[in-house]
There are 2 protein chains.
Amino acid sequence: MVTLEDVAKQAGVSLATASRVLNGSTRQVGAALRARVEQAADELGYRANIAAQTLARGASNVIGIVVHDLTDPYFAALADGAMRAAATEGLLVMVGTTHRDPEQEIAYVATLNAQRVRAVLLVGSRVADPAVTGRLRDELARYQAGGGRAACVGQDLLGVDTVAPANRQGAAELARALADLGHTRFAVLAGPPHLVTAADRCAGFVEALEELGLPAPQVIHGPFDRDGGYAAATQAGDATCVFAVNDVMAVGALAAYRERGVRVPDDVSVAGFDDIVTLRDHVPALTTVRLPLKDMGARALELALGEGDPVVVEQVAGEVVLRESVRRMT
Amino acid sequence: MVTLEDVAKQAGVSLATASRVLNGSTRQVGAALRARVEQAADELGYRANIAAQTLARGASNVIGIVVHDLTDPYFAALADGAMRAAATEGLLVMVGTTHRDPEQEIAYVATLNAQRVRAVLLVGSRVADPAVTGRLRDELARYQAGGGRAACVGQDLLGVDTVAPANRQGAAELARALADLGHTRFAVLAGPPHLVTAADRCAGFVEALEELGLPAPQVIHGPFDRDGGYAAATQAGDATCVFAVNDVMAVGALAAYRERGVRVPDDVSVAGFDDIVTLRDHVPALTTVRLPLKDMGARALELALGEGDPVVVEQVAGEVVLRESVRRMT
DNA sequence: GCAGACTTGGAAACCGCTTTCCTGGGAGGT
DNA sequence: ACCTCCCAGGAAAGCGGTTTCCAAGTCTGC
């Protein structure tokens, strides 16, 4: 590989001058030398070694993003938002997928720490297990002790800047909207009990129904994905309206109903949560709670990059979007 | 940050010994010292500085993946496949999204080169513009001249190892399958004319029809995305069967028909290409050509990591999947 | 009990770049 | 004309590791 020294030699200047010309500096370099250096670099096809720069400068321009699964459009949208924001800041992005394995998440934070990345973004829902969360917090603390910055999208469980969707409120609003339509018997496809996002959405929904004086819904736990929604839907009893705690599960539920000849929304209404863009053409169109995922990703990056010493927790409100997957009763 | 020197000092050993204990080496270290070093590292919370390691070792364990758009499930699946493969190799992944801007793609390759990444994967369709492709090739050549490895998923345009979906054949098979169902009047929602993937799929389809002695289809160009499919569908004439060159466009087309009250497949049949997983619950279920996207991503990484000096180009066959979005005529 | 072969630990060179510090020369002030 | 100040250019000291090369010790075999 061509090094800066090669360029300097070819241009007949010192290393320092070559560095100042090519890799940015506050110092001026005379026009003549500048031209010679640039020409030499061009002829030789010089590319600065970023590892060396990072080492010398003591700061890198890489950020790390940790998500569960890139093929899940929810994470893809969040990651995309963060990546676009990173690009405008001239930052490079390292992406890690954990496939929901907390150990992987911890390992990834350690690695990003080793990379001395400028910031790390933890995206997605975490389990409430204090042992695992504790170790993740330790690893993050270690990273932050070394000057690293971190932010997270999801719950405020980690003691870092957080962009938190207002899961409880969103679910509660949805519940009220559905009750407004005349529904009284509900089921919740609630996802895993220990997953905080899922639990919050479920709780918000249940509480809102309680406040309205409606009977408690049937709560069915299961995996947080499409197949989980599918399976849970087959267990739902005589509810007139089913709330899946995320859109992907709702789609699974719709598939289950379709296969069994249960008409949506005629026989049963279905609602989800997130408003995944890829699903906007789904039939029937899904009633859901819209979250501004891209903005949330971008905002998380902003928080991570910011100086703010006190830990910031931003609630992001969702917006209930009624579509054809629910019907008015009576 | 805690450095190796801090650890060595705390353990009362030399830098060399500490390095050998903590960061892997062929050399043995005595059990007593080893234990002291490990304890010191643990107490101090030492994390090796990867930038320094990369510099010293002259090799990094990072690979770069360049995709157009992570929120497009096609790229997400490909990237996911590659990332899973990378994880099993213990490699870190740097992901860049270009949003279809060729300049960004070139810039990203330059940056990955500067990072001295082990390999770079270019994923996705490229435009046929020789000027742009030439510059990308130059940048890649420069990278490879420095010992870098590259592979690409898409067309064999770059002179690097390539995993290429058999677009022509897949489209041709699809055409024959549709003709078998009795269709004779076709339209192709063909995407941008200069996009090689789109052009190949269109050409394969058109040629197959020609071979069958059927009339040439109406070819409608437009963007390669959902809205492109939507717009193109509104321009389709009296075809009984519409082929969108990718699934996302097909979904757009289905949306357009739905809005206009055109029934699919009763009034018109629709087929796509890719078999995007997220769309498997779409209604009506989409007839398409299945591509093993995850495997392709993984395979591309394998090729990039491999030693093989001669450039490998692997064709990956697609499989026609007939679903309810098409009907039998007669 | 001793020469020679292996091991183990440490000193120091090196990876490629940034940046501080120093030097010499030209500009500006009086 | 002299002195100061400023600025462009270069030498060299890091940044945090790895690895080569030595030296000293430990084992073996006879």
Side-chain angles (χ1 to χ4, degrees), chain A residues 1-38 40-41 44-62 110-111 113-118 143 146-148, chain B residues 1-38 40-41 44-62 111 113-118 146-148:
Chain A
M1 283 259 45
V2 180
T3 72
L4 188 59
E5 195 177 354
D6 299 333
V7 175
K9 207 164 286 173
Q10 164 123 347
V13 301
S14 75
L15 217 57
T17 301
S19 170
R20 295 200 261 254
V21 171
L22 296 174
N23 299 324
S25 158
T26 50
R27 291 264 315 251
Q28 294 289 320
V29 173
L33 289 194
R34 165 174 295 277
R36 289 227 308 273
V37 171
E38 278 167 352
L44 266 38
Y46 171 72
R47 286 281 174 264
N49 182 326
I50 295 194
Q53 284 187 326
T54 300
L55 183 56
R57 298 211 248 245
S60 89
N61 64 156
V62 176
T111 306
N113 186 359
Q115 290 273 357
R116 302 296 189 273
V117 297
R118 195 108 123 231
Y143 169 61
Chain B
M1 283 263 39
V2 180
T3 71
L4 188 59
E5 194 175 357
D6 300 333
V7 175
K9 207 164 285 174
Q10 164 123 347
V13 302
S14 74
L15 218 57
T17 301
S19 170
R20 297 201 260 253
V21 171
L22 296 174
N23 299 324
S25 158
T26 51
R27 293 263 313 249
Q28 294 289 318
V29 173
L33 290 193
R34 164 173 295 275
R36 288 228 308 273
V37 171
E38 278 168 351
L44 267 37
Y46 171 72
R47 287 279 175 264
N49 182 326
I50 295 193
Q53 285 187 326
T54 300
L55 182 55
R57 298 212 249 246
S60 87
N61 63 156
V62 176
T111 306
N113 185 0
Q115 290 272 358
R116 302 293 189 274
V117 298
R118 255 259 272 289

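Predicted model only: the values in this text are computed from it and were never measured. Throughout, protein chains are lettered first and strands after them, A, B, ... in sequence-line order, and every chain is numbered starting at 1. Scope of the values below: all heavy atoms of this structure, side chains included, with no hydrogens, waters or symmetry mates.
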Solution key, residues 5-13 of chain B side-chain donor-acceptor pairs under 3.5 Å, sequence neighbours excluded:
| unit_1 | atom_1 | unit_2 | atom_2 | d |
| --- | --- | --- | --- | --- |
| B:D6 | OD2 | B:T3 | N | 2.9 |
| B:D6 | OD2 | B:T3 | OG1 | 3.4 |
| B:Q10 | NE2 | B:E43 | OE1 | 2.6 |

Just to verify, what does B:R36 make a salt bridge (charged side-chain N to carboxylate O under 4.0 Å, His left out) with, not counting sequence neighbours? none

Could you pull out all residues at least two apart from A:R34 that satisfy salt bridge (charged side-chain N to carboxylate O under 4.0 Å, His left out)? A:E38

Between D:dG16 atom P and B:K9 atom NZ, what is the distance in whole Å? 12 Å

Measure from CZ on B:R36 to P on C:dT8 and round the result to the nearest Å. 16 Å

Where the side chain of [X] is concerned, which of [options] is the nearest nucleotide?
X: A:T17; options: C:dG10, D:dG9, D:dT18; result: D:dG9
X: B:R27; options: C:dT18, C:dG10, D:dG10; result: C:dG10
X: A:R20; options: D:dG9, D:dG16, D:dA12; result: D:dG9
X: A:L4; options: C:dG9, C:dT18, D:dG9; result: C:dT18
X: B:L15; options: C:dG16, C:dG10, D:dT18; result: D:dT18

Please tell me which of B:G30 and A:E5 maps to the more 5' nucleotide of DNA chain C, matching each residue to the nucleotide holding its nearest heavy atom. B:G30

Quick one, which residues of residues 50-62 of chain B touch DNA chain C with a heavy atom under 4.0 Å? B:L55, B:A56

Got B:L22 and B:V37 here, is their nearest side-chain heavy-atom distance under 4.5 Å? yes

Between its two end axes (five pairs each) the helix from C:dG1-D:dC30 to C:dT30-D:dA1 turns, nearest 10 degrees, through 30°

Expected output: side-chain A:S60 to main-chain A:T54 donor-acceptor under 3.5 Å: no

Give a yes/no answer on whether the side chain of [X] brings an N or O atom under 4.0 Å of OP1 or OP2 in [N].
X: B:N23; N: D:dG17; result: no
X: B:S19; N: D:dT18; result: yes
X: A:N49; N: C:dC15; result: no

Under the side-chain contact (heavy atoms from CB on, under 4.5 Å) test, residues paired with B:A114 that sit two or more places apart: A:I50

